[in-house]
Amino acid sequence: MGRITEDLIRRNAEHNDCVIFSLEELSLHQQEIERLEHIDKWCRDLKILYLQNNLIGKIENVSKLKKLEYLNLALNNIEKIENLEGCEGLTKLDLTVNFIGELSSVKTLQGNIHLKELFLMGNPCADFDGYRQFVVATLQQLKWLDGKEIERSERIQALQNFTAVEQRIREQEKAYCLKRAEDKDEARRKLQEEENKGEMERSHTGSDGHWDTDISAPLPSSEESKDYIQAPEIQEGQCKEKKLDDREDDLEFWNKPSLYTPESRLETLRHMEKQRRDQERLSEKKKKVKPPRMLVTEDGRALNVNEPKLDFTLKDDEKRNQIILDLAVYRYMDTSLIDVDVQPTYVRVMVKGKVGEVIIGCQRTSKPVKSTPDSSRGQTSQRSQQMERLEVDPSKRSIPDVANIVQERKHTPRRVRAEPKIIPSEEEPDFEDNPEVPPLI
């Protein structure tokens with residue numbers, strides 16, 4: 001569960017350069033806060049305060065916020081209106097969907113003379129007979145109640161019938177308080193049963209209710225390798241059984257009927273928090289039982305490993321007598337996260353702590369080699385086969401005929417056809433033969 005800390009307030013005060021003493025607006029909604037504290041000491045100049053959708057059960061520690069104009073405490077566990085007399089500038093108060101059953105506690109707002117808007121919808125008191133008339137007659141400074149404007153005629157009628165309405169409200173409050181006390185006893189009984197059940201489970205399975213794994217043990221020898229390989233399988237089976245049991249418990253929890261009370265809200269959030277912790281613990285165990293990867297075999301062959309699944313090409317430059325490895329890494333990544341290890345038989349590239357490539361460099365290829373995750377194992381076996389066929393049988397060698405490597409071609413003279421000479425026709429009347437003009441070709 002969350003608490004109001006100085007760091008939390010500073011992180012939500014970015015619009016004020018993380019300065020909290022002069023903060024005028026603060027939003028702390030959906031933080032699972034259980035208690036309202038420290039704000040009146042650290043943020044005296046607050047005008048707007050958002051605290052909706054938390055687990056706050058009591059209005060407290062806000063009486064020193066003299067400049068506070070809007071307070072939003074919707075969707076919390078508040079059961080009574082109190083401790084707001086010091087908020088002299090309060091004009092709007094939102095208490096939607098809480099557990100306020102003591103409607104007479106609205107009388108504590110009579111000193112807030114600037115209060116114009118009040119929201120109490122979604123509370124048990126909003127279902128009382130005469131609820132709106134009682135609030136309108138009690139808080140005569142109000143202009144709006146639950147988003148509906150209070151008319152002058154409505155206020156006059158509420159004041160005329162106030163005595164009878166107040167009597168009905170007190171009877172309904174008394175009945176609600178008796179029922180609420182029974183609900184609290186039932187919630188305490190269920191909580192005690194769950195604690196006893198949890199202690200019994202921990203006593204059977206261990207201190208934290210889960211199987212422990214010793215990850216500090218040394219690597220097994222070759223004789224114990226079979227048992228070491230079987231251990232992750234046993235661990236995985238236990239994790240699956242545990243996950244199945246947790247799924248059944250979760251389904252039983254959500255199908256179980258429950259009352260809409262502050263205790264049921266807390267129980268639901270604690271159940272969700274427990275699920276999240278169990279999920280994180282299971283994911284950590286899966287990481288722990290991960291078998292060690294093999295990069296080099298027992299006979300010294302380097303394996304092609306592409307853990308981050310990066311694309312690469314490997315080509316042989318015969319002119320310069322070198323092998324070029326072209327590896328595609330992530331965009332805008334710092335070069336300090338890349339570690340390259342070049343050996344006579346392989347190249348190892350570590351990208352962000354993961355093995356990028358381990359490539360056998362003894363073979364010569366004239367075409368680029370493209371690596372994909374699916375074909376990496378096949379390419380490894382293919383390379384090993386090509387390495388075995390690098391040797392050439394001396395008996396199959398043939399002496400080349402150096403004299404016939406370059407053969408001279410006998411060039412035959414090509415006949416050149418004489419182009420026809422253009423002779424102008426003398427029959428044209430405008431023809432004039434000028435000897436200085438070159439002939440047209």
So do the side chains of Gln172 and Asp127 get within less than 4.5 Å of each other, counting heavy atoms only? no
Side chains of Asn12 and Tyr50 only: does a donor on one sit below 3.5 Å from an acceptor on the other? no
Any residue meeting ring pair (Phe, Tyr, Trp, His ring centres under 6.0 Å) with Phe162, in chain and number order, not counting sequence neighbours: Phe134
For Ile4 and Leu36 the tightest heavy-atom approach is CD1-CD1, 4.0 Å
Tell me, do Arg348 and Asp339 make a side-chain contact under 4.5 Å, heavy atoms counted? no
Rounded to the nearest 0.5 Å, what separation is found between the NZ atom of Lys315 and the CD atom of Gln322? 10.5 Å
Please report the closest heavy-atom contact between Ile59 and Asn83, naming both atoms and the distance. O-ND2, 2.7 Å
Tell me whether the count of non-hydrogen atoms from other residues, nucleotides or ligands lying under 6.0 Å of CZ in Arg189 goes above 12. yes
Measuring only between side-chain heavy atoms, which start at C-beta, is Ile9 closer than 4.5 Å to Leu23? yes
Can you list the residues that meet the side-chain contact (heavy atoms from CB on, under 4.5 Å) rule with Glu149, with sequence neighbours excluded? Trp144
Please evaluate residues Gln167 and Thr163 with respect to the criterion side-chain contact (heavy atoms from CB on, under 4.5 Å), reporting the C-alpha separation (whole Å), side-chain torsions for both, the decisive distance (0.1 Å), and the verdict. CA-CA 6 Å; Gln167 183 64 28; Thr163 305; over 6 Å; no
What residues, two or more places apart in sequence or in another chain, satisfy salt bridge (Lys or Arg N to Asp or Glu O under 4.0 Å) together with Asp7? Arg11
Could you state the interatomic distance from CD1 (Ile81) to CG (Leu95), rounded to the nearest 0.5 Å? 5.5 Å
The reported gap from CG in Leu109 to CG in Leu118 (rounded to nearest 0.5 angstrom) is 6.5 Å
Measure across Pro124 and Ile100 and return the closest heavy-atom pair with its distance rounded to 0.1 Å. CD-O, 3.3 Å
Inter- and intrachain pairs under side-chain hydrogen bond (donor to acceptor under 3.5 Å, both in side chains), touching residues 69-82, at least two apart: Tyr70-Asn72, Asn77-Arg265, Glu79-Arg180
Side chain of Asp334, backbone of Leu337: donor and acceptor closer than 3.5 Å? no
Specify the closest pair of heavy atoms between Gly101 and Tyr176, including all atoms of both residues, with the distance to one decimal. CA-CE2, 3.4 Å
With sequence neighbours excluded, residues passing salt bridge (Lys or Arg N to Asp or Glu O under 4.0 Å) with Arg276: Glu273, Glu280
Pairwise side-chain contact, Gln141 with Ile113, heavy-atom cut-off 4.5 Å (strictly under): no
Leu142 side chain reached by Val136 side chain, heavy atoms, under 4.5 Å: no
Partner set under ring pair (Phe, Tyr, Trp, His ring centres under 6.0 Å) for Phe119, not counting sequence neighbours: none
Residue pairs fulfilling side-chain hydrogen bond (donor to acceptor under 3.5 Å, both in side chains) with at least one residue in residues 92-112, sequence neighbours excluded: Asp94-Thr96, Ser104-Glu173, Lys107-Glu166
Please report the C-alpha distance between Leu84 and Leu71 in whole Å, then the side-chain angles of each, then the deciding distance to 0.1 Å, and finally whether the side-chain contact (heavy atoms from CB on, under 4.5 Å) criterion is met. CA-CA 10 Å; Leu84 290 174; Leu71 177 60; 3.8 Å; yes
Hey, could you give me the CG/NZ distance between Leu139 and Lys143, rounded to the nearest 0.5 Å? 12.5 Å
Quick one: do Leu75 and His29 satisfy side-chain contact (heavy atoms from CB on, under 4.5 Å)? Show the steps, please. CA-CA 10 Å; Leu75 291 165; His29 61 282; over 6 Å; no
Tell me which pairs pass side-chain hydrogen bond (donor to acceptor under 3.5 Å, both in side chains) where either residue lies in residues 51-65, with sequence neighbours left out. Arg35-Glu60
To the nearest 0.5 Å, what is the distance between NZ on Lys116 and OG1 on Thr91? 9.0 Å
Verify, without hydrogens or angle tests, whether Arg155 (side chain) and Gln140 (backbone) share a donor-acceptor contact under 3.5 angstrom. yes
Does Ile338 have any side-chain contact (heavy atoms from CB on, under 4.5 Å) partners at least two apart in sequence or in another chain, and if so, which? Val329, Met333, Val340, Val349
Would you name the heavy atoms of Ala126 and Leu120 that are closest together and state the gap between them? CB-O, 3.8 Å
side-chain hydrogen bond (donor to acceptor under 3.5 Å, both in side chains) contacts in which one or both residues fall within residues 36-47, not counting sequence neighbours: Arg3-Glu37, Asp45-Lys67
With sequence neighbours excluded, what pairs up with Phe128 under the ring pair (Phe, Tyr, Trp, His ring centres under 6.0 Å) test? none
Atom of Phe312, atom of Leu327 and distance for their closest heavy-atom approach: CB-CD1, 3.7 Å
Salt bridge (Lys or Arg N to Asp or Glu O under 4.0 Å) partners for Glu6, two or more places apart: Arg10
Would you say the side chain of Glu182 lies within less than 4.5 Å of the side chain of Glu186, judging by non-hydrogen atoms? no
Say you draw a straight line from CG of Leu93 to CG of Leu68; how long is it, rounded to the nearest 0.5 Å? 9.5 Å
Check against side-chain hydrogen bond (donor to acceptor under 3.5 Å, both in side chains), Asp146 and Tyr131: CA-CA 12 Å; Asp146 294 336; Tyr131 147 75; 2.6 Å; yes
Salt bridge (Lys or Arg N to Asp or Glu O under 4.0 Å), that's the test. Do Glu154 and Arg132 meet it? Break it down for me. CA-CA 10 Å; Glu154 183 183 4; Arg132 185 175 177 87; 2.7 Å; yes
